[in-house]
Amino acid sequence: QVQLVESGGGLVQAGGSLRLSCAASGRTFSSYAMGWFRQAPGKEREFVAAISWSGGNTYYAASVKGRFTISRDNAKNTLYLQMNSLKPEDTAVYYCAAKRYSGSYYSGSLYDYWGQGTQVTVSS
């Protein structure tokens, strides 16, 4: 079992930056691929970024590629999402998720554990 707790959300002006963190419990964090998803009001949850268990492979949604960077520190059981050049359309609740088994990184249905989410609001 993995418990995930996100932090680092907040209110920022367009063009600004935020760094999200996701702290994981348990000693098996390094066994999981990890992802970030987001959900804006009235919209479906969407994939943002993912990273393999080793950190050697990363994946991004087209809408954030070049602006967001996903990383992990397995020694600290922590996942990060550095978000730069933020836009109002990035406003959403951001969730981290853990995936134990192989399969698409882009599908939220394949992730086994989810955090409670952290709100990111980008003002214009």
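Bear in mind that the values here come from a model prediction, so they are computed numbers and not experimental data.
Here the OH-CZ distance, from Y113 to R100, works out to 9.5 Å after rounding to the nearest 0.5 Å. The line from CZ of F37 to CD of E46 is 10.0 Å long, rounded to the nearest 0.5 Å. Rounded to the nearest 0.5 angstrom, R67 CZ and S85 OG are separated by 7.0 Å. Note: S25 OG to N77 CG = 8.0 Å, rounded to the nearest 0.5 Å.
A parallel orientation is assigned to the rings of Y105 and Y59, their planes being inclined by less than 30° (bins at 30° and 60°).
Between M34 and L4 the shortest heavy-atom distance is CE-CD2, 4.0 Å. Here the shortest heavy-atom pairing between Y80 and K76 reads OH-CD, 4.3 Å. Minimum interatomic distance between A14 and P88 (heavy atoms only, all atoms of both residues): CB-CD, 4.1 Å. A pairwise comparison of heavy atoms in Y111 and A97 identifies CD2-CB, 3.5 Å as the closest pair. A pairwise comparison of heavy atoms in Y60 and I70 identifies OH-N, 2.9 Å as the closest pair.
Atom CH2 of W114 has more than 12 heavy atoms from other residues, nucleotides or ligands within 6.0 Å. Shown here is Q3, whose CD atom has no more than 12 heavy atoms of other residues, nucleotides or ligands within 6.0 Å.
In this structure, K87 contributes its side chain and E89 its backbone to no donor-acceptor pair below 3.5 Å. The backbone N or O of V5 lies less than 3.5 Å from no partner atom in the side chain of Q116, so there is not a single donor-acceptor pair. A distance-only check finds no donor-acceptor pair linking the side chain of E44 to the backbone of Q39 [under 3.5 Å].
At least one side-chain heavy atom of Q119 sits less than 4.5 Å from a side-chain heavy atom of T91. Looking at heavy atoms from C-beta onward, I51 lies in side-chain contact with L79 at the 4.5 angstrom threshold. The side-chain heavy atoms of L81 and F68, taken from C-beta on, include a pair separated by under 4.5 Å. A heavy-atom distance below 4.5 Å is found between the side chains of T28 and V2. Looking at R38 and R45, their side chains never come closer than 4.5 Å, going by heavy atoms from C-beta outward. Looking only at side-chain heavy atoms (C-beta outward), S21 and E6 stay at 4.5 Å or farther from each other. A 4.5 Å side-chain heavy-atom check between L11 and V120 finds every atom pair outside the cut-off. No side-chain heavy atom of M83 sits less than 4.5 Å from a side-chain heavy atom of D90.
A ring-centre distance under 6.0 Å is not found for W36 and F47.
Both the sub-6.0 Å distance and the 45° axial angle are satisfied by R72 relative to the ring of F29.
A side-chain N or O of N84 and one of S17 form a donor-acceptor pair less than 3.5 Å apart.
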- Chi angles and distances behind the side chain to side chain contact (heavy atoms under 4.5 Å, CB included) call for Y95, C22: CA-CA 9 Å; Y95 300 89; C22 173; over 6 Å; no

